[in-house]
Amino acid sequence: MSKSLQGTTTLHNGVKMPYFGLGVYKVKDGKEVINTVKTALEVGYRAIDTAALYDNEEGVGQAIKESGIPREELFITTKVWNTDQGYDKTLKAFEISMKKLGLDYLDLYLIHWPGKDKYVDTWRALEKLYKDGRVRAIGVSNFKIHHLQTLMEQSEEKPVINQVELHPYLSQKDLLSFCKKQQIAVEAWGPLGRGRLLNDPTLIEIGQKYGKTAAQVTLRWHLQNDVIVIPKSVTPSRIKENADIFDFDLTAEDMERIDALNKNERTGKDPDQFLF
């Protein structure tokens with residue numbers, strides 16, 4: 001578990017990835033995403049998570065350039081979108097993303113959703129990019145256990161990470177257990193339940209004990225469950241607040257109370273139903 005904002009976990013291929021980063025879903029390209037990313041980097045964030053779908057890769061790349069932070073100190077993730085799945089289309093989509101980001105290499109490339117039947121071919125393209133040294137690590141997003149099993153049966157490289165919707169209302173314990181056994185790291189998108197958790201009475205009460213907000217308690221719960229988090233915010237004070245979670249530890253009792261909030265409630269799509 002991370003002890004600082006720059007703390008890392010070691011993925012199964014040996015690459016170190018920050019436990020804490022910034023997600024930029026629905027952050028507008030241009031001034032908004034540039035300022036948001038630069039603020040996060042100034043606070044001390046070193047991981048930025050974007051995707052082709054977000055249509056803000058250019059702004060993310062510009063912020064990285066303007067920050068002046070050495071490239072090797074940053075961990076940049078992007079994802080191939082559903083309509084670009086398949087071997088050849090994925091390779092083309094990757095080149096477009098890299099041009100927009102203005103990067104020579106990528107730290108992590110993900111399949112955004114499993115979809116219906118193309119993700120194995122898409123994965124072969126990711127394997128090629130990894131073997132060619134274009135990407136330091138490859139993984140998946142929104143994969144359930146059966147998707148992971150199918151992929152691993154038909155591939156040479158095992159995903160280093162599975163990025164999924166995960167928060168106290170959707171704790172995904174079975175998936176977490178499976179991934180841990182397979183040495184696949186788990187990363188939470190929507191770790192605050194897209195804001196739904198901020199008014200939860202239990203989280204507010206626990207937070208008062210530590211002098212922390214419900215958001216900070218929730219993000220700390222993720223880290224103590226060995227889950228990587230990428231909370232999204234465009235507000236400078238919230239970006240800073242989200243990262244201020246390394247000076248306290250939740251007790252085992254409080255962890256159990258948060259675990260008990262699970263409702264198996266999604267804010268996003270069910271991967272088995274989001275087909276294309």
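All residue numbers in this chain count up from 1 along the given sequence. Keep in mind that the numbers below use all heavy atoms, side chains included, and drop hydrogens, waters and symmetry copies.
- In this structure Ser171 satisfies the side-chain contact (heavy atoms from CB on, under 4.5 Å) test together with Lys173, Trp221, Asn262, sequence neighbours excluded.
- Scored by the ring pair (Phe, Tyr, Trp, His ring centres under 6.0 Å) test, Tyr130 finds no partners at all (sequence neighbours excluded).
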Sequence neighbours left out, cut at 3.5 Å: what donor-acceptor pairs do the side chains of residues 183-192 make with other protein atoms?
unit_1 : atom_1 : unit_2 : atom_2 : d
Glu187 : OE1    : Gln163 : NE2    : 3.1
Trp189 : NE1    : Asn142 : OD1    : 2.8

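- Every residue meeting the side-chain contact (heavy atoms from CB on, under 4.5 Å) condition with Glu58, not counting sequence neighbours, appears here in chain and number order: Asp29, Lys100.
- Partners of Asn82 by side chain to side chain donor-acceptor pair (under 3.5 Å), not counting sequence neighbours: none found.
- Side chain of Asn225 to main chain of Val227: no donor-acceptor pair is present (N/O by atom type, distance under 3.5 Å, no hydrogens or angles).
- With sequence neighbours excluded, the residues forming a salt bridge (Lys or Arg N to Asp or Glu O under 4.0 Å) with Asp107 are Arg71, Arg136, listed by chain and number.
- In terms of the salt bridge (Lys or Arg N to Asp or Glu O under 4.0 Å) criterion, residue partners of Lys128 (sequence neighbours excluded) are, by chain and number, Asp132.
- The side-chain contact (heavy atoms from CB on, under 4.5 Å) test applied to Lys263 returns Tyr169, Glu265, not counting sequence neighbours.
- Shown here is Lys144, whose NZ atom has more than 12 heavy atoms of other residues, nucleotides or ligands within 6.0 Å.
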Between side-chain atoms of residues 109-121 and protein atoms elsewhere (two or more places apart, or another chain), which donor-acceptor pairs fall under 3.5 Å?
unit_1 : atom_1 : unit_2 : atom_2 : d
Asp121 : OD1    : Arg124 : NH1    : 2.8

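- Lys209 NZ: more than 12 foreign heavy atoms inside a 6.0 Å radius.
- Residues satisfying the side-chain contact (heavy atoms from CB on, under 4.5 Å) criterion with Glu95, sequence neighbours excluded, are Arg134.
- Within 6.0 Å of atom CG in Asp104, 12 or fewer heavy atoms from other residues, nucleotides or ligands are found, so the atom counts as exposed in its surroundings.
- Scanning for side chain to side chain donor-acceptor pair (under 3.5 Å) contacts around Glu57 gives Thr78, Ser97, with sequence neighbours left out.
- Other residues, nucleotides and ligands contribute only 12 or fewer heavy atoms inside 6.0 Å of the CZ atom of Arg238.
- Residue pairs meeting the salt bridge (Lys or Arg N to Asp or Glu O under 4.0 Å) criterion with at least one partner in residues 72-93, sequence neighbours excluded, are Asp49-Lys79.
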